[in-house]
Amino acid sequence: MCSESCDRSVLDEVEENTNSMDEDTISNTNQEISPAQGPTLPILQKVINLSNSIQNLKMEHEILSNQVKGITTDSFPGHDVVGTIQLLNNEYELLKKKYLDESSERKRLYNEVIELKGNIRVFCRCRPLNQCEVVNGSSSVVEFDSSQDTELQIISSDSSKKQFKFDHVFRPEDGQEVVFAQTKPIVTSVLDGYNVCIFAYGQTGTGKTFTMEGTPENRGVNYRTLEELFRVSGQRGGVMRYELFVGMMEVYNEKIRDLLGENSNRPTKKLEIKQAAEGTQEVPGLVEAPVYSTEEVWELLKSGSRVRSVGATNANELSSRSHCLLRVTVRGTNLINGQKTRSHLWLVDLAGSERVGKIEVEGERLKESQFINKSLSALGDVISALASKTGHVPYRNSKLTHMLQSSLGGDCKTLMFVQISPSDADLGETICSLNFASRVRGIEGGPARKQVDLSELYKYKQMAEKLKHDEKETKKLQDNVQSLQLRLAAREHICKSLQEKVRDLENQLAEERKTRLKQETRAFAAAASSRPSLTQAAERTKMEKKPPLGPSKLRLPLRRLTNFMPPASPMPTNRKTARIAMAASDDKENYPKTVMAPPTNTKALLKPRRVSIAVRPSTTTTQVIQPKRRVSIATLQPHSYMTTPLRSSASGFNNGGTMDRPSLVRDPRKARYSRLFSPLPEFRNPSETTPAATRSSSKFMGSPPPPAQAGSWKPRHPTVVALQRKSVVWSPLKLRGMQSQRKSSLLPLRPSALRE
Ligand SMILES: Nc1ncnc2c1ncn2[C@@H]1O[C@H](COP(=O)(O)OP(=O)(O)OP(=O)(O)O)[C@@H](O)[C@H]1O
């Protein structure tokens, strides 16, 4: 406590001193300002002002600092506020979900109520006796029960009563509002996405058009329905967005007429019913006007009614000679979950059912009546089929039923107004209509099905199918790529190994070549020393010495290493033979001639080593030798058998290795192979010591002994051993196999191996 108070007093003291110091400074300054020092006064004044403003600024700073402190702690919304907002948000989401659930539940319950009442409902409406009937003294044959609004009784001519029961019975005094009040629940189902069909049926002049269209003073179901649709859609505006389209047509003499299109300047189009991809019935080209207000609707209905086919009959002055169909298409979008619906509401004013004889029509009217009766009969058949639940419902028997196919029975809601006349004069017609209506009421419709926007669904379905197909294709392509990659890798691997093998072979060939060169050099040296004449030796050298293979000839092309042996030419075209021939004639200028005509002394010339080159199996030169995989080492022999190096000694050669055959054409390529397999000096038969013997032995890879000793002869050269064990196949694949057994099969075997 003491230290705290001490500190405070010290602080106060310092502050006082500072203030006093400031004041002193100012007073001193004031003292310094003397009248004699005139110009310093304004400066001093400025200083004073500045120090005042500094003081003010300091104060402001202090206030602002305090404010900032306050802001950081109090002014910003705290965690609790953020938490509350989050809570409210969650609550909002929950309420939204609840609303959606409730809404769908309401629809479900509402639909259930309608279903319990029946998806096909029949209302009966009886018009009042008209003026003419009253004048004629007609009496009413219809009796109504005051306590029951669903029953009526028909008094027959024999005073018997026949009772009929419907979903609702409207009396003559019931106005349009009363009728629509009962109709409303079904009508609004179209906004929930259900297809609805309302039609008026009855004898001519019983008030069908009055019920459906009405008059400007007493508007009928059509207008009131659209009014109600606008009202309800406005109510649901926050949740649903609706678009309404109206189309109007008539079926006159089994032809479809567009009643809205007729008003325009366009010529009358021939309309046909087509089945859309979604399975619904559509009329391509039909005018469908979007409507946004009841006024627009009224104008449209009026203009459509104006062009409708009517005619005067003795039953009705303005009798409808056609079926009038008003189609309201409702497209709904749920703004919360985005679900779309597309449903139709049909409002049909049928032409009057009439007895042709009774109404005394003829000519065009008679024809119209026949069409009307035919289509009404088709409607009756459809209803009968639906009532008896037969598999086939004959919707296509008339344009009317075909058009209403997706809205009659099945999964939609149907309402029928059966219109009757109270007059005793129309008793028979009234009973007929009531019987028909009773049959309709007897139809057990299935549960109504909500119509989602099928065009949208179809689009999505198509997209899904395309996606599926694309995925399949992609997968296939990926698989292909993968397998190709694998194959490529395998090929690369094979190629690599082949290249390695070719390299090995090249090395082996080089080795062989070197060895052979040495061997030949030695042989020549020996021959030169044994021969007396140098010129003869030179000649022999010319004839026999074969220049070493050029590097390019050492190996076959990489990928063309085959066993294919081209057909031998009848003439010795190879260079070696030509060279021999040239040497024999000793006339270089006649070289071509010499080539064409080989020397007669072929026996002498063809003495040298390389005679086992190729085989010509047939004597005819035209025959082509087919490629053989197992003749990589062979002799070209003009006689009828083929020989291999191992068999040749027993067949085509004498002891000295020279050929008995008169002619031999050598192929350079095969000669090269022959050279490849020529024996190495160290494996030569010890009995062959002469140069001739050496040469002859080199011709057939170890020169097998004469036939007498063939059984005891054993090859020593490794290749011959290999050939004897296994037929030689000159292919890289085979070589690879051989090499895998022993890497360098063409190289001399180790002595131990030779012994084996
Ligand atoms: N409930 C009713 N109240 C008052 N008048 C009615 C009623 N029903 C029908 N009418 C009158 O009866 C007459 C014939 O009615 P409407 O033309 O509607 O018969 P319809 O069945 O359509 O005949 P059609 O089949 O020949 O076209 C009209 O003048 C109409 O005003």
Side-chain angles (χ1 to χ4, degrees), residues 123-136 138 140 142 144 149 152 166 168-183 198-224 250-253 259 301-302 304-326 347-356 358-361 364-366 368-377 379 400 416-423 425-426 429-430 432-434 436-437:
F123 292 167
C124 178
R125 190 179 190 188
C126 180
R127 68 159 170 79
L129 285 168
N130 61 31
Q131 233 173 351
C132 191
E133 286 163 346
V134 171
V135 169
N136 289 342
S138 299
S140 176
V142 186
F144 301 95
D149 56 3
L152 85 164
F166 298 104
H168 201 97
V169 175
F170 298 104
R171 297 167 192 195
E173 60 270 22
D174 287 339
Q176 303 282 58
E177 303 82 29
V178 178
V179 171
F180 189 69
Q182 294 296 322
T183 314
I198 300 172
F199 66 93
Y201 174 89
Q203 185 194 350
T204 187
T206 49
K208 296 182 293 295
T209 310
F210 183 79
T211 299
M212 297 309 289
E213 281 183 23
T215 57
E217 304 80 40
N218 286 302
R219 286 175 182 174
V221 168
N222 292 358
Y223 178 81
R224 287 171 195 270
E250 72 169 1
V251 180
Y252 175 73
N253 290 355
L259 296 180
L301 295 180
K302 269 202 300 185
S305 298
R306 267 199 298 272
V307 291
R308 198 181 163 190
S309 306
V310 289
T313 63
N314 64 357
N316 186 2
E317 208 170 300
L318 278 175
S319 179
S320 311
R321 310 309 294 160
S322 65
H323 309 296
C324 177
L325 298 101
L326 177 74
L347 298 160
V348 186
D349 174 16
L350 294 172
S353 59
E354 55 207 8
R355 291 243 174 93
V356 175
K358 192 185 172 188
I359 58 170
E360 293 166 12
V361 288
E364 195 61 26
R365 289 281 168 274
L366 180 66
E368 282 169 2
S369 295
Q370 281 166 348
F371 273 114
I372 290 165
N373 283 342
K374 199 183 155 200
S375 58
L376 286 175
S377 160
L379 179 67
L400 173 76
M416 173 185 174
F417 281 103
V418 55
Q419 299 283 149
I420 55 167
S421 154
S423 171
D426 298 321
E429 294 288 330
T430 303
C432 269
S433 297
L434 289 173
F436 179 76

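Small disclaimer: the values here were computed from a predicted structure and weren't measured. Atoms within a ligand are numbered from 1 in the order they appear, just like the ligands themselves.
Residue contacts with ligand 1 leave out G202, since none of its heavy atoms falls under 4.0 Å from the ligand. Distances from ligand 1 to the non-hydrogen atoms of T206 include at least one value under 4.0 Å. Residue contacts with ligand 1 include R125, since one or more of its heavy atoms lies under 4.0 Å from the ligand.
Using the six-membered ring where Trp is involved, F417 and F170 have ring planes that are tilted, between 30° and 60° apart.
For the side chain to side chain contact (heavy atoms under 4.5 Å, CB included) with L326, the qualifying choice from N222, D349, L259 is N222, the only one to do so.
Polar contact with ligand 1: present for T209 (N/O pair, distance under 3.5 Å). Note: no N/O pair closer than 3.5 Å links L350 and ligand 1 by distance alone. Residue P128 has no nitrogen or oxygen atom sitting less than 3.5 Å from a nitrogen or oxygen atom of ligand 1, judged on distance alone. Checking only distances, F210 does come within under 3.5 Å of ligand 1, N or O to N or O.
Listed by number with element, the atoms of ligand 1 under 4.0 Å from a non-hydrogen atom of G352 are 25 (O). Heavy-atom contacts of R127 reach the following atoms of ligand 1: 7 (C), 8 (N) (cutoff under 4.0 Å).
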For this session: Begin with the C-alpha distance, continue with both residues' side-chain angles, and end with the deciding distance and a verdict on side-chain contact (heavy atoms from CB on, under 4.5 Å) for L325 and L400.
Result: CA-CA 9 Å; L325 298 101; L400 173 76; 4.3 Å; yes

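To the nearest 0.5 angstrom, I420 atom CD1 is 4.0 Å from C124 atom SG.
For P172, no heavy-atom contact with ligand 1 is shorter than 4.0 Å.
K208 places no side-chain N or O within 3.5 Å of a backbone atom of Q419 that could act as its donor or acceptor partner. Distance alone, capped at 3.5 Å, places no donor-acceptor pair between the R219 side chain and the R224 backbone. R125 places a side-chain N or O within donor-acceptor distance of the main-chain N or O of D174, the cut-off being under 3.5 Å.
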